[in-house]
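Accompanying notes for the structure given below.
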Amino acid sequence: MAEEEQIEDNSIEEEKVEDEPEIEASSTEEEEESAPIEYTKKLGAEEENEEEEESPFTQFINNSIEYLDGRSRKVVLWTLAIFLISTFNFIAWNFVESEYLKYTGVLLSTMLLFSAMCGTLISYNVYNKIHEKNVDVRLSGLILSVGSVLVTLFFMIYQIQNNDCLTEFSEAKCDADISLRAVITISVYAGSIGIVMLIYGLGLLEKNLVPYAVAIAFGGSLILTIVLLMSVYSWIEESVWLLLIPLLFLGMGLAGLHHRRYQLAGFVIGCYITGLAGIGWLIEPNLASGGFLGGGLPMTGSGLLFILRRTDREAREKILSNSQSLLEKGFPSKALDASNRLIRRAQRDGVLMQDSRMWLSKARALTGHREYGRSITYYSMALEIDQNNEDLWFEKGELHRKLKQWEEAEACYLNSTEIRYTHGEAWLKLAQMKERREKLIEAEDAYVIALELDSNHGFAYLGLGRVQSKLERVKEALKSIEKSIALLKEDYRPYMVRGDIYYSIGDYERADAKGYSKAVNIRPDLKNGWRKLAKVYRSQDKKELLIMALSRILEIDSEDESALWERAECHFEEKKLGDSMGDIHRLLALNPGNQKARKFKAKILEKLDTREWD
């Protein structure tokens with residue numbers, strides 16, 4: 001009887017058969033791994049359901065950011081290459097003073113201004129966290145930075161139209177030199193501060209790092225001012241020590257931004273100063289030299305630090321993508337190695353506790369290794385960071401279910417449904433866990449909710465029928481099972497449950513014909529199905545069919561001692577003493593210390609002619 005009760009308890013649909021041998025293990029639902037869940041690149045910010053219509057300009061910016069994703073290093077390297085060409089171009093111009101070199105330098109400076117914009121865009125793909133945006137500061141910064149460029153171009157074009165000598169080499173006789181130099185210098189100051197305001201307003205710079213960015217903008221602009229003054233006053237030209245002051249500002253700013261891994265902010269400021277001052281080459285070469293020195297230092301310094309340290313999010317994204325790809329291809333060991341590298345890099349970059357995907361990557365890799373206990377630990381770490389992610393709770397619940405930790409699994413599925421009520425699969429799993437824990441009324445309610453939502457309705461009807469059967473509502477249970485059979489088609493589990501229902505009310509014929517027999521026809525290697533058929537035949541006292549069912553069990557599992565023992569008894573009752581003795585010998589070969597089998601063997605020998613048997 002204890003064996004029969006154990007068989008009856010084993011009916012939860014999400015586990016096909018727990019007591020089956022290893023030949024069925026590969027096909028059980030518990031062994032199936034769920035597909036990786038997709039996550040947004042920026043954690044902590046859920047997608048809003050109400051999407052406002054974007055303007056064409058906003059769409060262009062978003063498309064540009066998406067296009068530059070993964071190309072941040074190329075953008076920085078190409079910008080540094082342009083600056084290097086500009087520097088050699090300026091050196092060559094000082095020797096040959098060719099107009100072509102001058103206009104080439106202006107073109108390259110314009111490209112550096114464009115690089116400043118690209119540097120701002122790639123910051124969205126690089127930084128680990130986008131801070132709260134400040135619309136007012138962003139607008140002010142945009143007006144200052146763009147306005148400085150437009151004012152510079154306007155004054156240059158206006159003065160060039162009135163003074164043709166500005167484009168020639170005899171600038172000493174031009175009256176507009178000083179005013180144009182002053183305008184461009186002021187524009188560089190205002191524009192560089194505007195760039196800082198723009199970056200901060202876009203959420204690409206922490207508030208406490210703004211002074212460091214301002215120090216870079218002020219230091220670079222001050223170098224430009226000193227270089228221009230050197231061309232006017234001879235005593236300043238001899239006082240090179242004056243450059244120590246702006247260099248101090250630059251060093252402080254670079255150190256502060258680099259320490260907090262915001263190198264791109266200094267890179268963008270340097271590009272802007274270099275590009276805007278380089279445009280002034282048309283009227284004053286010293287503007288270009290001052291801009292290359294004042295903007296080139298933060299641009300090259302921050303750019304090289306960004307490339308060498310490689311602390312950007314893109315690097316981690318690449319490792320994360322590689323780890324997930326390896327896991328999907330069936331290489332859990334390689335995926336685990338990749339996730340370990342990912343965690344080490346995130347720890348080095350100081351973002352390990354900011355991005356739950358670092359922990360999730362290793363959790364999934366450990367799941368692939370079937371190290372469920374360790375995997376749960378890493379899921380817990382991921383949930384410490386992203387507590388409101390219903391998919392993480394669901395995956396953790398699946399691991400607890402695999403480990404038969406029903407209470408913990410129920411808590412995880414419950415959290416998932418509380419975060420997102422419409423999570424149909426979570427409701428289905430929650431109902432199964434409540435059924436496991438004999439909370440039948442709550443389980444029934446959960447199954448009904450799962451049926452109202454997007455879930456596997458076949459399994460939901462199956463579980464609902466099972467619960468209604470336990471609540472002794474047989475007619476409702478059978479109706480639910482019929483719906484489950486219609487949805488699950490060639491699945492054996494609804495037939496097993498239908499057989500259990502008919503068996504519970506004593507209708508053995510229907511339990512056989514409409515339940516267990518159909519289940520084993522769909523899946524002939526279903527050991528539990530044959531065992532339940534054996535139970536039915538035993539209740540009907542059909543010895544031949546009982547022996548047949550037990551034989552099928554032994555074909556599936558030749559070392560099943562209970563089936564051997566029961567078949568030996570059946571043969572003995574049918575007076576087939578030789579067959580009974582054969583089963584007893586096999587049983588003793590498996591378990592030589594089985595005293596009950598030895599006594600039964602002695603009983604058989606008493607009925608045999610000992611001499612003839614020998």
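For reference, positions follow the sequence shown, starting with 1. Bear in mind the structure is a predicted one, so any value in this text is a computation, not a measurement.
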**Message:** So, using salt bridge (Lys or Arg N to Asp or Glu O under 4.0 Å) as the criterion, who are the partners of E482 when residues are at least two apart?
**Reply:** R498
**Asked** Are the side chain of H457 and the backbone of L451 linked by a donor-acceptor contact shorter than 3.5 Å?
**Response** yes
**Item:** Beyond-backbone contact of L478 with Y502, side-chain heavy atoms, under 4.5 angstrom
**Value:** yes
**Asked** In terms of side-chain geometry, is the basic nitrogen of R586 or E559 positioned less than 4.0 Å from the acidic oxygen of its partner?
**Response** no
**Request:** Using only heavy-atom distances, determine whether the side chains of Y372 and R370 contain a donor-acceptor pair under 3.5 Å.
**Result:** yes
**Asked** What distance separates Y379 OH from R364 CZ, expressed to the nearest 0.5 Å?
**Response** 5.5 Å
**Asked** Measuring from L202:CG to E132:CD, what's the distance to the nearest 0.5 Å?
**Response** 13.5 Å
**Complete:** On a heavy-atom basis, the closest approach of A568 and I584 is CB-CD1, 3.9 Å
**Message:** I need the full list of ring-ring contact (aromatic ring centres under 6.0 Å, His included) pairs touching residues 413-446, with sequence neighbours left out, sorted by first then second residue.
**Reply:** F394-Y413, F394-H423, Y421-W427
**Request:** Would you kindly say whether N521 and Y492 are connected by a side-chain donor-acceptor distance under 3.5 Å?
**Result:** no
**Asked** Are F600 and W565 close enough, and set up right, to give a ring-ring contact (aromatic ring centres under 6.0 Å, His included), and what steps lead you there?
**Response** CA-CA 10 Å; F600 191 74; W565 172 258; 5.2 Å; yes
**Request:** Taking atom NZ of K543 as the centre, report whether more than 12 heavy atoms of other residues, nucleotides or ligands fall under 6.0 Å from it.
**Result:** yes
**Request:** Could you tell me whether R437 sits above the aromatic face of W406, with NZ or CZ closer than 6.0 angstrom to the six-membered ring centre and within 45 degrees of the axis?
**Result:** no
**Asked** Between the side chains of H400 and E408, does any donor sit under 3.5 Å from an acceptor?
**Response** no
**Asked** Residues in side chain to side chain donor-acceptor pair (under 3.5 Å) with Y378, at least two apart?
**Response** K362
**Request:** With K535 as the cation and Y503 as the aromatic partner, state whether NZ or CZ is under 6.0 Å from the six-membered ring centre and within 45° of the axis.
**Result:** yes
**Asked** Just by modelled atom types, is the S469 backbone N or O under 3.5 Å from a matching donor or acceptor in the R473 side chain?
**Response** no
**Prompt:** Any sub-3.5 Å donor-acceptor pair from S361's side-chain atoms to M358's backbone N or O?
**Reply:** no
**Prompt:** Of all heavy-atom pairs between L462 and P494, which one has the smallest distance, and what is that distance?
**Reply:** CD1-CA, 3.6 Å
**Asked** Between S339 (side chain) and L336 (backbone), is there a donor-acceptor pair under 3.5 Å?
**Response** yes
**Minimum side-chain heavy-atom gap Y262-L204 below 4.5 Å** = no
**Prompt:** With sequence neighbours excluded, what pairs up with Y508 under the side chain to side chain donor-acceptor pair (under 3.5 Å) test?
**Reply:** none
**Asked** Given the side-chain rings of Y447 and Y461, with only the six-membered ring counted for Trp, is the space between their centroids under 6.0 Å?
**Response** no
**Asked** Should L533 and D512 be marked as a side-chain contact (heavy atoms from CB on, under 4.5 Å) after you check the CA-CA gap, both sets of side-chain angles, and the distance that decides it?
**Response** CA-CA 7 Å; L533 272 175; D512 177 9; 3.3 Å; yes
**Prompt:** Are the side chains of D500 and S504 in touch, meaning some heavy atoms are under 4.5 Å apart?
**Reply:** no
**Item:** Rounded distance (nearest 0.5 Å) linking atom CG of L587 with atom OG of S562
**Value:** 9.5 Å
**Request:** Under the salt bridge (charged side-chain N to carboxylate O under 4.0 Å, His left out) rule, what do E569 and K603 come out as? Steps first, then yes or no, please.
**Result:** CA-CA 11 Å; E569 287 184 323; K603 185 177 180 181; over 6 Å; no
**Prompt:** With a 4.5 Å limit on heavy-atom distance, are the side chains of L360 and E395 in contact?
**Reply:** yes
**Check: G458 main-chain N/O paired with S484 side-chain donor or acceptor under 3.5 Å** = yes
**Prompt:** Passes side-chain contact (heavy atoms from CB on, under 4.5 Å), L414 versus M433? Steps please.
**Reply:** CA-CA 10 Å; L414 182 61; M433 295 304 103; over 6 Å; no
**Prompt:** Within the side chain of S375, is there an N or O that forms a donor-acceptor pair under 3.5 Å with the backbone of A363?
**Reply:** yes
**Asked** Are any non-hydrogen side-chain atoms of M548 and L545 less than 4.5 angstrom apart?
**Response** yes
**Request:** Would you please name every residue forming a side chain to side chain donor-acceptor pair (under 3.5 Å) with R552, sequence neighbours left out?
**Result:** E555
**Prompt:** Taking atom CD of E418 as the centre, does the number of heavy atoms from other residues, nucleotides or ligands within less than 6.0 Å exceed 12?
**Reply:** yes
**Prompt:** Does the S323 side chain pair with the main chain of A335, one donor and one acceptor, at a distance under 3.5 Å?
**Reply:** yes
**Prompt:** Between W530 (side chain) and I556 (backbone), is there a donor-acceptor pair under 3.5 Å?
**Reply:** no
**Prompt:** Is the closest side-chain heavy-atom distance between K527 and D557 below 4.5 Å?
**Reply:** yes
**Complete:** Rounding to 0.5 Å, atoms OG (S356) and CD (Q387) come to a distance of 11.0 Å
**Prompt:** Side-chain contact, heavy-atom cut-off 4.5 Å: M496 with L526?
**Reply:** yes
**Item:** Counterpart residues, side-chain contact (heavy atoms from CB on, under 4.5 Å), relative to K334 (two or more places apart)
**Value:** L326, F331
**Request:** State which residues pass side-chain contact (heavy atoms from CB on, under 4.5 Å) with N591; sequence neighbours excluded, sorted by chain then number.
**Result:** E561, N594
**Request:** May I ask you to say whether E410 pairs ionically with K439, meaning some side-chain N is under 4.0 Å from a carboxylate O?
**Result:** yes
**Prompt:** Rounded to the nearest 0.5 Å, how far does CG of L464 lie from CG of D445?
**Reply:** 10.0 Å
**Test: R493 cationic atom under 6.0 Å from Y495 six-membered ring centre, within 45° of axis** = no
**Request:** Without swapping roles, check the side chain of S517 against the backbone of A513 for a donor-acceptor pair under 3.5 Å.
**Result:** no
**Asked** What pairs with L554 under side-chain contact (heavy atoms from CB on, under 4.5 Å), at least two apart in sequence or on another chain?
**Response** D560, A563, L564, R567
**Asked** Taking atom types as modelled and ignoring hydrogens, do the side chains of Q468 and S480 form a donor-acceptor contact shorter than 3.5 angstrom?
**Response** yes
**Message:** Applying salt bridge (Lys or Arg N to Asp or Glu O under 4.0 Å), can you list everything that pairs with K133, at least two apart in sequence or on another chain?
**Reply:** none
**Prompt:** If you draw a 6.0 Å radius around NZ in K479, do more than 12 non-hydrogen atoms from other residues or ligands fall strictly inside?
**Reply:** no
**Asked** Is it true that a side-chain atom of D386 and a backbone atom of A382 form a donor plus acceptor pair closer than 3.5 Å?
**Response** no
**Request:** With sequence neighbours excluded, tell me which residues meet salt bridge (Lys or Arg N to Asp or Glu O under 4.0 Å) with D507.
**Result:** R510
**Complete:** Rounding to 0.5 Å, atoms CG (D391) and CD (E425) come to a distance of 11.5 Å
**Request:** Decide, yes or no, whether a salt bridge links R401 with E398 under the criterion of side-chain N to carboxylate O below 4.0 Å.
**Result:** yes
**Prompt:** Should L430 and I449 count as side-chain neighbours, where that means a heavy-atom distance under 4.5 Å?
**Reply:** no
**Complete:** Sequence neighbours excluded, the answer for side-chain contact (heavy atoms from CB on, under 4.5 Å) partners of I65 is I61, L121, Y124, N125
**Within residues 372-381 or reaching into it, pairs that qualify as salt bridge (Lys or Arg N to Asp or Glu O under 4.0 Å) - sequence neighbours excluded** = E371-R374
